[in-house]
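Computed over heavy atoms, backbone and side chain alike; hydrogens, waters and symmetry mates excluded. In this text, all values refer to a predicted model and were calculated from it rather than measured experimentally.
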Amino acid sequence: VYDVTVDTATDFTITAVPSKTTTVVLRSDGSGWILEGGNPAVEETIATFNVDGSGSAITAATMATTKRISGTWILTRYSITATAATGTNTVKFWKIATGTAIPTIANVINTSGVSLTTGTAVTSTTVSDFTTTTFTNLDLLRCAVTAVDTTATDLTAVLFGYRTGP
């Protein structure tokens with residue numbers, strides 16, 4: 001089921017993501033329709049964060065490089081992988097609107113953090129730990145390792161979602 005609203009003679013919006021409220025705009029370029037802002041029905045990577053211990057165990061309070069978000073997003077899942085992990089590895093994400101500062105602990109967007117508790121990889125669609133699941137174009141995101149086992153030598157955290165706008 002698609003809810004279509006005609007805004008002008010050349011634009012209309014469609015709400016078409018199952019269990020999501022998403023508005024997309026199709027624009028006529030004279031020869032066909034162009035989807036503005038990406039495909040909301042396709043889950044994509046919002047940001048990937050890498051923490052590399054260069055062969056040594058990583059430590060809590062290690063930070064990944066700050067990432068600038070391109071586009072507007074709704075978070076749907078996360079993934080964490082860690083090489084040589086034998087225990088719990090937890091990360092928190094920080095977000096701030098673009099401006100003159102990078103995100104700090106004051107900008108944390110999840111409460112307890114999300115964890116890899118067994119094995120070396122986890123993917124989860126449970127995003128209830130996040131206080132916000134929306135990201136705006138040019139937001140700055142950072143990933144902080146808050147708990148780590150004593151053997152993990154690198155960790156990658158990935159946020160996935162649906163693009164809802166440019």
Measuring from [X]:[atom1] to [Y]:[atom2], what's the distance to the nearest 0.5 Å?
X: Glu44; Y: Arg163; atom1: CD; atom2: CZ; answer: 5.5 Å
X: Trp94; Y: Leu141; atom1: CH2; atom2: CG; answer: 12.0 Å
X: Leu116; Y: Thr81; atom1: CG; atom2: OG1; answer: 8.0 Å
X: Asp139; Y: Ile96; atom1: CG; atom2: CD1; answer: 9.5 Å
X: Lys92; Y: Ser115; atom1: NZ; atom2: OG; answer: 10.0 Å
X: Leu75; Y: Thr125; atom1: CG; atom2: OG1; answer: 10.5 Å

Return the minimal non-hydrogen interatomic distance between [X] and [Y], and the atom names on each side.
X: Ile69; Y: Ile46; result: CD1-CG2, 3.7 Å
X: Ala157; Y: Val91; result: CB-CG2, 4.3 Å
X: Val127; Y: Thr133; result: CG2-CG2, 4.0 Å

Show the numbers, then the answer: is there a side-chain contact (heavy atoms from CB on, under 4.5 Å) between Leu155 and Phe49?
-> CA-CA 8 Å; Leu155 181 141; Phe49 301 91; over 6 Å; no
Other ILVMFWY residues reachable from Val158 by side-chain steps of under 4.5 Å =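 Phe160, listed by chain and number.
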Inter- and intrachain pairs under side chain to side chain donor-acceptor pair (under 3.5 Å), touching residues 101-111, at least two apart =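 Every side chain to side chain donor-acceptor pair (under 3.5 Å) pair that includes a residue of residues 101-111, provided the two are not neighbours, is Thr104-Asn107, Asn110-Asp129, Thr111-Asp129.
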Does any non-hydrogen side-chain atom of Phe135 lie less than 4.5 Å from one of Leu159?
->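 Yes. Closest side-chain heavy atoms under 4.5 Å.
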Cys143 side chain reached by Val51 side chain, heavy atoms, under 4.5 Å =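 No. Closest side-chain heavy atoms not under 4.5 Å.
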Yes or no on side chain to side chain donor-acceptor pair (under 3.5 Å) for Thr134 and Thr132, after CA distance, side-chain angles and deciding distance?
-> CA-CA 6 Å; Thr134 59; Thr132 183; 3.3 Å; yes
Could you tell me which residues satisfy salt bridge (Lys or Arg N to Asp or Glu O under 4.0 Å) with Arg77, sequence neighbours excluded, listed by chain and number?
->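 Once residues adjacent in sequence are excluded, the partners of Arg77 under the salt bridge (Lys or Arg N to Asp or Glu O under 4.0 Å) criterion are Glu43.
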State which residues pass salt bridge (Lys or Arg N to Asp or Glu O under 4.0 Å) with Lys67; sequence neighbours excluded, sorted by chain then number.
->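 Partners of Lys67 under the salt bridge (Lys or Arg N to Asp or Glu O under 4.0 Å) test: none.
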Please check if Leu140 and Trp73 belong to a single hydrophobic cluster, counting links between Ile, Leu, Val, Met, Phe, Trp and Tyr side chain heavy atoms closer than 4.5 Å.
->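 Per the 4.5 Å side-chain linkage, Leu140 and Trp73 are not co-clustered.
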For the hydrophobic clusters of this structure (ILVMFWY residues joined by side-chain heavy atoms under 4.5 Å, transitively), does one cluster hold both Val122 and Val148?
->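 Yes, Val122 connects to Val148 through the hydrophobic network.
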Verify the ring-centre separation between Tyr78 and Phe93: is it less than 6.0 angstrom?
->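 Between Tyr78 and Phe93, which both carry aromatic rings, the centre distance is not below 6.0 Å.
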Is it the case that the side chain of [X] and the backbone of [Y] share a donor-acceptor pair, with hydrogens and angles ignored and the cut-off at 3.5 Å?
X: Asn89; Y: Asp149; result: yes
X: Thr131; Y: Ile109; result: yes
X: Thr72; Y: Thr164; result: no
X: Thr151; Y: Ala84; result: yes

Residues two or more places apart in sequence or in another chain: which of them pass side-chain contact (heavy atoms from CB on, under 4.5 Å) with Thr59?
->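 Residues passing side-chain contact (heavy atoms from CB on, under 4.5 Å) with Thr59: Thr62.
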How would you list, by chain and number, every residue that makes a side-chain contact (heavy atoms from CB on, under 4.5 Å) with Asn50, sequence neighbours excluded?
->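 In terms of side-chain contact (heavy atoms from CB on, under 4.5 Å), with neighbours along the sequence ignored, Asn50 is linked to Thr48, Thr156.
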